[in-house]
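Just so you know, these numbers use all the heavy atoms, side chains as well, and skip hydrogens, waters and symmetry mates. As the structure is a computational prediction, the values presented were derived from the model and not from experiment.
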Amino acid sequence: MWRQHQYKMLFSLLLLLSGMLLAIDIGSAKPGNEFDWLDILGEGTTLLVACGWLGLIISSRPAGRVTEWLYYGSLLLVYSYFLDLLDEFIRYPDHIRLMSWLESLPAPVGMLVLTYGLIGWHREQRAINRQLRGRELFLRDHQLIDPLTQLYGIEYLQAVLQREIELHQSQRKALSILVLDIDNFAAFNRLHGMASGDAYLSQLSELLSNQLRHSDVVCRYAGDRFIALLPNTALAQANIMAQHLRQQLSQLAIAKQQPQLTLVEIAVQHNSAQSALHAADQAMALAKKATAVKLQPV
């Protein structure tokens, strides 16, 4: 998040520096015996708290209109508190009222701007909560669960993927997908029987659910293919998760001869669930065509 706000931080530093230089130019330093340490402690604490607000805003929010209101409203408070602290160390001539105005006026204006930003943040959060409640309604719909694997099927996958795409685009966060395919699963069923195939699917589904995070969503995309949605996950992190998952899947053994598995990971950079799933299918096809590393039984 910090990189999105570099210009804001530079402007803030220049603003505070200009205020300090102006104060030094107009006023003169007070002798140490005139320092009121109780006022310095109180005003310094207030300034640190306001700086903490700025840090929280730029570290947790993407660039946008609401963030601008929150940031610059807090910055006006920081500027006012900063000048208020400076006058504990610098004495200004009585006939010059500029520093008094600069110390007093930004605070109420900053409170108004910050309040407007908080109203926008409240509205934004209500919209996000509506999306999350919609996602929760899907989770409570047991008709979307595959009875064998107890995972959600393709209908839920398409719906929640579309919601994740919209949510992550609005917040400018990463979204990745893991695609797992069972090679020649039909041949495995013919050789070992449907019961063994069902047992293998159940164990495979349980392993996927246990090894992935609670925030990840695992779905049965087709009879022999699974997809895991990884919210807030960049491709580099998805690669690490895929390597860990490969190690765990290699230990899955229920028969002397297991089907081989192909696992690929992709970053979602699409505007719709349909296009993202199409890209996932293409990535799997390329992985199989390129004779990607297969998971062998141990």
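With rounding to the nearest 0.5 angstrom, the CG atom of Leu207 is 7.0 Å from the CG atom of Leu245. One finds the CE atom of Met99 at 10.5 Å from the OG atom of Ser104 (value rounded to the nearest 0.5 Å). Between the CG atom of Leu157 and the CD atom of Glu155 there is a distance of 10.5 Å, given to the nearest 0.5 Å. If you take CG on Asp216 and CD on Gln211, they are separated by 11.5 Å, rounding to the nearest 0.5 Å. A distance of 14.5 Å separates CG in Asn239 from NE2 in His244, rounded to the nearest 0.5 Å. With rounding to the nearest 0.5 angstrom, the CD atom of Gln243 is 8.5 Å from the CG atom of Leu263.
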*Give the intermediate values and the outcome of side-chain contact (heavy atoms from CB on, under 4.5 Å) for residues Asp198 and Asn189.*
CA-CA 9 Å; Asp198 289 347; Asn189 281 331; 5.8 Å; no
*Could you go through the side chain to side chain donor-acceptor pair (under 3.5 Å) check for Gln162 and Glu166 one step at a time?*
CA-CA 6 Å; Gln162 185 63 44; Glu166 295 172 359; 3.2 Å; yes
Exercise answer: donor-acceptor pairs, residues 227-238 side-chain atoms, under 3.5 Å, sequence neighbours excluded:
from   : atom 1 : to     : atom 2 : distance (Å)
Asn232 : OD1    : His168 : NE2    : 3.2
Thr233 : OG1    : Arg213 : NH1    : 3.4
Thr233 : OG1    : Arg213 : NH2    : 2.6
Thr233 : OG1    : Leu230 : O      : 3.4
Thr233 : OG1    : Pro231 : O      : 2.8

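A heavy-atom distance below 4.5 Å is not found between the side chains of Asp224 and Asp183. Between Ile177 and Val179 the shortest side-chain heavy-atom distance falls below 4.5 Å. The side-chain heavy atoms of Leu86 and Leu83, taken from C-beta on, include a pair separated by under 4.5 Å. Two residues are said to be in side-chain contact when any heavy atoms from C-beta on lie closer than 4.5 Å; Val217 and Tyr156 meet this criterion. Using a 4.5 Å cut-off on side-chain heavy atoms (C-beta onward), Phe226 and Ser205 make contact. Between Leu212 and Leu178 the shortest side-chain heavy-atom distance falls below 4.5 Å. In this structure the side chain of Arg220 reaches within 4.5 angstrom of the side chain of Leu148, judged on heavy atoms. Annotation: side chain of Val268 is not in contact with side chain of Ser176 (no heavy-atom distance under 4.5 Å).
For the side-chain hydrogen bond (donor to acceptor under 3.5 Å, both in side chains) condition, the pairs that include at least one residue of residues 31-44, sequence neighbours left out, are Glu34-Arg91. Pairs engaging residues 79-100 under the ring pair (Phe, Tyr, Trp, His ring centres under 6.0 Å) rule: Phe35-Phe89 [sequence neighbours left out]. Note on residues 269-285: pairs passing side-chain hydrogen bond (donor to acceptor under 3.5 Å, both in side chains), not counting sequence neighbours, are Gln169-Asn271, Tyr221-Asp281, Arg225-Asp281, Ser272-Ser275, His278-Gln282. Under the side-chain hydrogen bond (donor to acceptor under 3.5 Å, both in side chains) criterion, the residue pairs touching residues 12-26 are Ser12-Tyr71, with sequence neighbours excluded. Sorted by first and then second residue, the pairs that involve residues 261-275 and meet salt bridge (charged side-chain N to carboxylate O under 4.0 Å, His left out), not counting sequence neighbours, are Arg246-Glu265.
Not counting sequence neighbours, the partners of Ser74 by the side-chain contact (heavy atoms from CB on, under 4.5 Å) test are Trp53, Leu54, Ile57, Leu114. For the side-chain contact (heavy atoms from CB on, under 4.5 Å) test, no residue two or more places apart in sequence or in another chain qualifies with Ile240. Residues forming a side-chain contact (heavy atoms from CB on, under 4.5 Å) with Leu98 (at least two apart in sequence, or on another chain): Leu22, Ile26, Ile96, Leu102.
By the 6.0 Å contact criterion, CG on Asn184 is open, its count of non-hydrogen atoms from other residues, nucleotides or ligands being 12 or less. Residue Gln150 places its CD atom among more than 12 non-hydrogen atoms of other residues, nucleotides or ligands, all under 6.0 Å distant.
When the side chains of ILVMFWY residues are joined at heavy-atom separations under 4.5 Å, either directly or via intervening members, Val49 and Leu70 end up in a single hydrophobic cluster. A continuous path of ILVMFWY side-chain contacts below 4.5 Å connects Ile90 to Ile40, so both sit in one hydrophobic cluster. Under the 4.5 Å side-chain contact rule for hydrophobic residues, Leu112 and Trp121 do not share a cluster.
Other residues sharing a hydrophobic cluster with Leu76 under the 4.5 Å side-chain heavy-atom criterion for ILVMFWY residues are Trp69, Val109, Val113, Tyr116. Alongside Leu105, the hydrophobic cluster contains Trp101 (criterion: ILVMFWY side chains under 4.5 Å). In this structure, Leu10 shares a hydrophobic cluster with Leu14, the cluster being traced through Ile, Leu, Val, Met, Phe, Trp and Tyr side chains under 4.5 angstrom apart.
Among all heavy-atom pairs drawn from Ala276 and Ile165, the shortest one is CB-CD1, 4.3 Å. Residue Ala287 comes nearest to Val264 through the heavy atom pair CB-CG1, 3.3 Å, listed as atom of the first residue, atom of the second, then distance.
Note: Tyr72 and Phe11 have perpendicular aromatic rings, judged against thresholds of 30 and 60 degrees for the angle between ring planes.
Between the side chain of Lys30 and the backbone N or O of Asp87, at least one donor-acceptor pair lies under 3.5 Å. Without hydrogens or angle criteria, Ser59 side chain to Leu56 main chain gives a donor-acceptor distance under 3.5 Å.
Between Lys8 and Glu68 there is a salt bridge, since a side-chain N of the basic residue sits under 4.0 Å from a carboxylate O of the acidic one.
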